[in-house]
Visitor: 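Following this message is one structure expressed as structure tokens.
Per chain, numbering begins at 1; letters A, B, ... match sequence-line order.
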Protein chains: 2
Amino acid sequence: MPDAADLERLLRAAGLRVTRPRLAVLDAVHAEPHLDTEALIGASRARLGAVSHQAVYDVLRVLTDSGLVRRIQPQGSLARYEARVGDNHHHLVCRDCGAIVDVDCAVGEAPCLTPSDDGGFAVDEAEVVFWGRCPSCTAA
Amino acid sequence: MPDAADLERLLRAAGLRVTRPRLAVLDAVHAEPHLDTEALIGASRARLGAVSHQAVYDVLRVLTDSGLVRRIQPQGSLARYEARVGDNHHHLVCRDCGAIVDVDCAVGEAPCLTPSDDGGFAVDEAEVVFWGRCPSCTAA
DNA sequence: CTCCGTTTCTTGACTTGTTCAAGGGAAGTT
DNA sequence: AACTTCCCTTGAACAAGTCAAGAAACGGAG
């Protein structure tokens with residue numbers, strides 16, 4: 001769990017200005033992965049007192065573009081964000097409750113998998129989503 | 001390429017009523033894979049003369065639920081539909097132009113891949129999206 | 001073949017997540 | 001400390017998809 005100084009360093013290293021909304025959003029994404037935008041707006045407000053939703057949207061875009069956070073969006077789910085970035089891990093998604101859990105990639109580096117026939121594409125990433133039912137939904 | 005009678009058979013086999021909108025949408029999905037909803041509305045109207053967008057949305061939901069078509073939705077793309085179903089193939093997606101191409105699954109049956117640690121999930125499918133650049137975007 | 005009940009389609013309004021735009025305010029540079 | 005640039009606020013707009021009520025069509029029964 002990085003502290004405020006770490007987060008500030010991350011932003012500067014990415015060539016971004018350090019602002020309170022950016023620190024708050026980045027902190028929230030580190031604190032709890034796989035939150036959707038609305039939850040992140042809430043989490044940012046808990047940290048700052050007030051932020052516009054537009055600011056959070058802007059910050060998330062900037063952070064995503066500069067590679068500080070990763071956006072994921074399984075089918076049927078809203079956009080979600082996580083701070084684990086650059087390790088090409090994958091996700092388990094529950095068909096019932098939508099819960100998302102990280103899975104380490106067996107290989108580690110992207111693309112961890114190569115298509116049987118790449119159709120001439122220059123492939124740089126293999127995104128894998130494992131669909132199933134989480135333990136508590138299986139029980140119910 | 002199935003003809004009208006084949007499509008009708010598919011619908012009946014799935015326990016669905018045979019209606020003109022359903023035949024038109026199903027035909028369009030077979031004719032050209034990976035179309036989005038708006039394109040399918042257009043393709044259906046080309047076949048029927050007139051259909052409401054709502055009817056197409058309803059038909060797509062019913063066809064998807066009954067397994068006659070598969071819905072895919074890579075990040076940054078609208079919902080798209082394809083008739084290749086039940087063979088657990090995967091997709092190549094171009095980061096620039098959004099082109100989608102099928103890739104056969106090396107294994108064939110779902111889930112073709114199993115997570116390193118399933119976290120207690122009952123996994124039934126591994127969805128794989130290969131991201132990269134298509135030949136013409138690579139050239140440009 | 002016709003009638004009837006149920007499903008499906010039409011019409012039109014609405015929701016939701018996200019984006020656009022204009023102006024005031026803060027970050028960081030000199 | 002002043003200035004320039006970028007960021008945040010406010011409020012409106014947008015687009016894909018959904019909801020709801022009534023009309024039409026499917027297909028089973030007589």
Visitor: The helix from C/dC1-D/dG30 to C/dT30-D/dA1: angle between its terminal axes, five pairs each, to 10°?
Guide: 30°
Visitor: For the side-chain contact (heavy atoms from CB on, under 4.5 Å) test, which of A/His34, A/His30, A/Glu32 pairs with A/Glu82?
Guide: A/His34
Visitor: Using a cut-off of strictly less than 4.0 Å, decide whether B/Arg22 has a side-chain nitrogen or oxygen near OP1 or OP2 of C/dT8.
Guide: yes
Visitor: Atom CD1 of A/Ile41 to atom P of C/dT19: distance rounded to whole Å?
Guide: 12 Å
Visitor: Mind calculating the distance between CG (A/Asp58) and P (C/dG17) to the nearest angstrom?
Guide: 18 Å
Visitor: Are more than 12 heavy atoms from other residues, nucleotides or ligands located less than 6.0 Å from atom CZ of B/Arg20?
Guide: no
Visitor: Write down the distance between CG (B/Leu78) and C1' (C/dT19), rounded to a whole number of angstrom.
Guide: 15 Å
Visitor: Which comes earlier along DNA chain D counting from the 5' end, the contact point of B/Arg20 or that of B/Ala79, where each point is its nearest nucleotide?
Guide: B/Ala79
Visitor: Considering heavy-atom distances to DNA chain D, does B/Thr19 or B/Arg71 have its closest nucleotide positioned more toward the 5' end?
Guide: B/Arg71
Visitor: Rounding to a whole Å, what distance do you find between A/Gln73:CD and C/dT18:C1'?
Guide: 11 Å
Visitor: Closest approach to the side chain of A/Gln54, judged atom by atom: which nucleotide of C/dC20, C/dT10, C/dT18 is it?
Guide: C/dC20
Visitor: Does atom CD of A/Glu38 have more than 12 heavy-atom neighbours from other groups under 6.0 Å away?
Guide: no
Visitor: Between the side chains of A/Arg61 and A/Asp58, is the shortest nitrogen-to-carboxylate-oxygen separation below 4.0 Å, so that they form an ion pair?
Guide: no
Visitor: In whole Å, what is the span from the CG atom of B/Leu48 to the P atom of C/dT10?
Guide: 9 Å
Visitor: Using chain B heavy atoms and a threshold of under 4.0 Å, write down where along DNA chain D the contacts begin and end, 5' to 3'.
Guide: D/dA16 to D/dG27
Visitor: So, is A/Tyr57 near the phosphate of C/dT18, with a side-chain N or O under 4.0 Å from OP1 or OP2?
Guide: yes
Visitor: Return yes if some donor-acceptor pair links the side-chain N/O of A/Arg95 with the main-chain N/O of A/Arg133 below 3.5 Å, else return no.
Guide: no
